[in-house]
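If you're wondering where the values come from, they're calculated on a predicted model, not measured in any experiment. Counting starts at 1 for both ligands and their atoms, following the listed order.
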Amino acid sequence: MTDEVRLFRKTVRQFIQKEFAPHQTRWREQHRPDAEAWTQAGGTGILLPDVPEEYGGGGGTFAHEAVVLEELAQAGVHFGASIQSIVAHYILAYGSEEQKRIWLPRMARGELVSAIAMTEPAAGSDLQGIKTTARRDGDHYVINGSKTFITNGWLAGILCLAVKTDARVVGLKGISLMIVEAKNCPGYRVGGSPEKVGMHAQDTCELFFDDVRVPASNLLGPAEGRGFSQMMERLSYERLTVGVTAVATAEQALAVTIKYVKERTAFGKPLIEFQNTRFKLAECKTEAHIGRVFLDNCIERFIAGQLDDTTTAMAKYWLTDRQCRIVDECVQLHGGYGYMMEYPIARMWADSRVQRIYAGTNEIMKELIGWSL
Ligand SMILES: Cc1cc2nc3c(=O)[nH]c(=O)nc-3n(C[C@H](O)[C@H](O)[C@H](O)COP(=O)(O)OP(=O)(O)OC[C@H]3O[C@@H](n4cnc5c(N)ncnc54)[C@H](O)[C@@H]3O)c2cc1C
């Protein structure tokens with residue numbers, strides 16, 4: 001934390017409270033944010049806060065990114081700003097200078113929404129099973145296949161797409177990443193939004209590719225076959241963003257529950273006067289605090305370029321596991337009201353569950369940690 005980051009937090013908080021929070025019921029009903037929300041966010045400087053200014057970003061660090069994610073989580077707003085940053089960092093790391101200048105400034109302004117599309121109906125954890133192909137045809141690739149559960153899918157103007165460029169190669173070596181400009185793109189179709197357990201305001205879609213032609217220059221990186229190692233390098237960023245949301249949500253769950261148990265009475269006294277209430281909240285507060293210290297340490301190390309993949313996997317696994325546990329305890333302390341969607345704690349409970357599943361399931365995180373033993 002610096003004064004500059006604190007000031008940025010104030011701007012982000014005011015913007016989210018004024019422009020996003022009042023529309024949450026409608027966003028949930030329509031299963032996505034309004035398209036204008038992206039340009040509004042871009043205009044306020046909350047998109048790509050840790051991308052260099054020369055490409056239209058905020059010129060900050062991951063601390064700025066963390067502030068945006070924390071403020072969204074605390075307000076209970078689902079808006080795929082982290083996916084926008086994730087895709088931007090793929091382009092920054094593997095794109096050509098020309099590609100960076102074409103896409104990043106428009107992404108920062110919110111004129112271009114992005115999605116990262118890896119998962120397929122038959123391949124999630126096991127990415128070597130992906131079946132979407134990109135066949136070279138002159139100076140283009142021709143893409144066929146489908147992707148599922150893609151965040152920002154409906155509104156996306158560009159996709160960072162994982163494809164098999166060499167179907168003959170078994171396993172991970174035949175995978176490449178390429179950018180698809182999705183607007184007015186013949187053969188490209190967005191399917192409906194699946195009915196999710198939580199995160200109803202988040203734009204999640206299926207994507208279909210039927211002979212979609214993409215310029216060969218949209219391949220990310222110098223050669224085909226680098227996609228899997230590029231994903232492994234960049235997934236750390238994504239996992240850290242999930243950890244940030246986990247801690248912020250756990251802290252918010254605690255805050256609303258502490259308030260609730262002071263107001264709600266049973267047997268003639270506030271719930272907080274029952275020893276069980278205090279003990280449960282004492283456990284939750286301790287775990288949230290440990291999570292915060294661990295996360296802050298990860299962020300510092302990430303900014304210094306010293307965060308290893310094993311520790312990132314630990315953070316993603318442990319912080320999301322604790323998030324779910326803390327939120328669940330907080331639901332219990334709300335009694336029946338904790339099961340009612342009009343109460344923020346109920347939405348937090350439904351929204352939290354997926355944190356243990358996406359960005360690599362927590363079982364896959366344990367595999368990664370296991371490799372280091
Ligand atoms: C709301 C939401 C948003 C998402 N957003 C995106 C997105 O933007 N882009 C994208 O590409 N994907 C996205 N995903 C997909 C997500 O990343 C996958 O769902 C996730 O990686 C798990 O893959 P799967 O669903 O195919 O489950 P599977 O891989 O079939 O796993 C099923 C179970 O088997 C376990 N398992 C699998 N392999 C092993 C193993 N080796 N050892 C032990 N256990 C194992 C898993 O841990 C899990 O418990 C999203 C998913 C959701 C629900």
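- Distances below 4.0 Å separate heavy atoms of Ile364 from the following atoms of ligand 1: 38 (N), 39 (C), 40 (C), 41 (N).
- Judged purely by distance below 3.5 Å, without hydrogens or angles, the side chains of Asp50 and Tyr237 pair a donor atom with an acceptor atom.
- Of the candidates Glu363, Arg353, His78, Glu363 brings a heavy atom nearest to atom 47 (O) of ligand 1.
- There is a protein heavy atom closer than 4.0 angstrom to atom 2 (C) of ligand 1.
- Inside a 4.0 Å radius of atom 8 (O) of ligand 1 there is at least one protein heavy atom.
- Of the charged side-chain nitrogens involved, none lies within less than 4.0 Å of a carboxylate oxygen, so that Arg325 and Asp328 do not count as a salt-bridged pair.
- Between Thr151 and ligand 1, an N or O atom pair is found at a separation short of 3.5 Å.
- Counting protein heavy atoms under 4.0 angstrom from atom 35 (C) of ligand 1 gives zero.
- For a threshold of 3.5 Å applied to N or O pairs, the pair formed by Thr148 and ligand 1 contains no separation below that value.
- Remark: ligand 1 and Tyr358 share no N or O pair separated by less than 3.5 Å (distance only, no angle test).
- The distance from ligand 1 to the heavy atoms of Ile357 drops below 4.0 Å at these ligand atoms: 20 (C).
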| request: In sequence, state the C-alpha distance, the side-chain angles, and the governing distance for Glu224 and Ser176, and then conclude on side-chain hydrogen bond (donor to acceptor under 3.5 Å, both in side chains). | output: CA-CA 6 Å; Glu224 293 178 4; Ser176 304; 5.3 Å; no

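- Side chain to side chain, Gln355 and Gln323 meet the donor-acceptor criterion of an N or O pair below 3.5 Å.
- Of all atoms in ligand 1, numbered sequentially from 1 with element shown, those under 4.0 Å from a heavy atom of Val354 are 1 (C), 52 (C), 53 (C).
- Atom 11 (O) of ligand 1 lies below 4.0 Å from at least one non-hydrogen atom of the protein.
- Inclusion of Gln202 in the set of residues having an N or O under 3.5 Å from an N or O of ligand 1 is not warranted.
- Checking only distances, Ala123 never comes within under 3.5 Å of ligand 1, N or O to N or O.
- The contact set between ligand 1 and Thr361, taken as ligand atoms under 4.0 Å from a residue heavy atom, comprises 22 (C), 46 (C), 47 (O).
- The contact set between ligand 1 and Met118, taken as ligand atoms under 4.0 Å from a residue heavy atom, comprises 10 (C), 11 (O).
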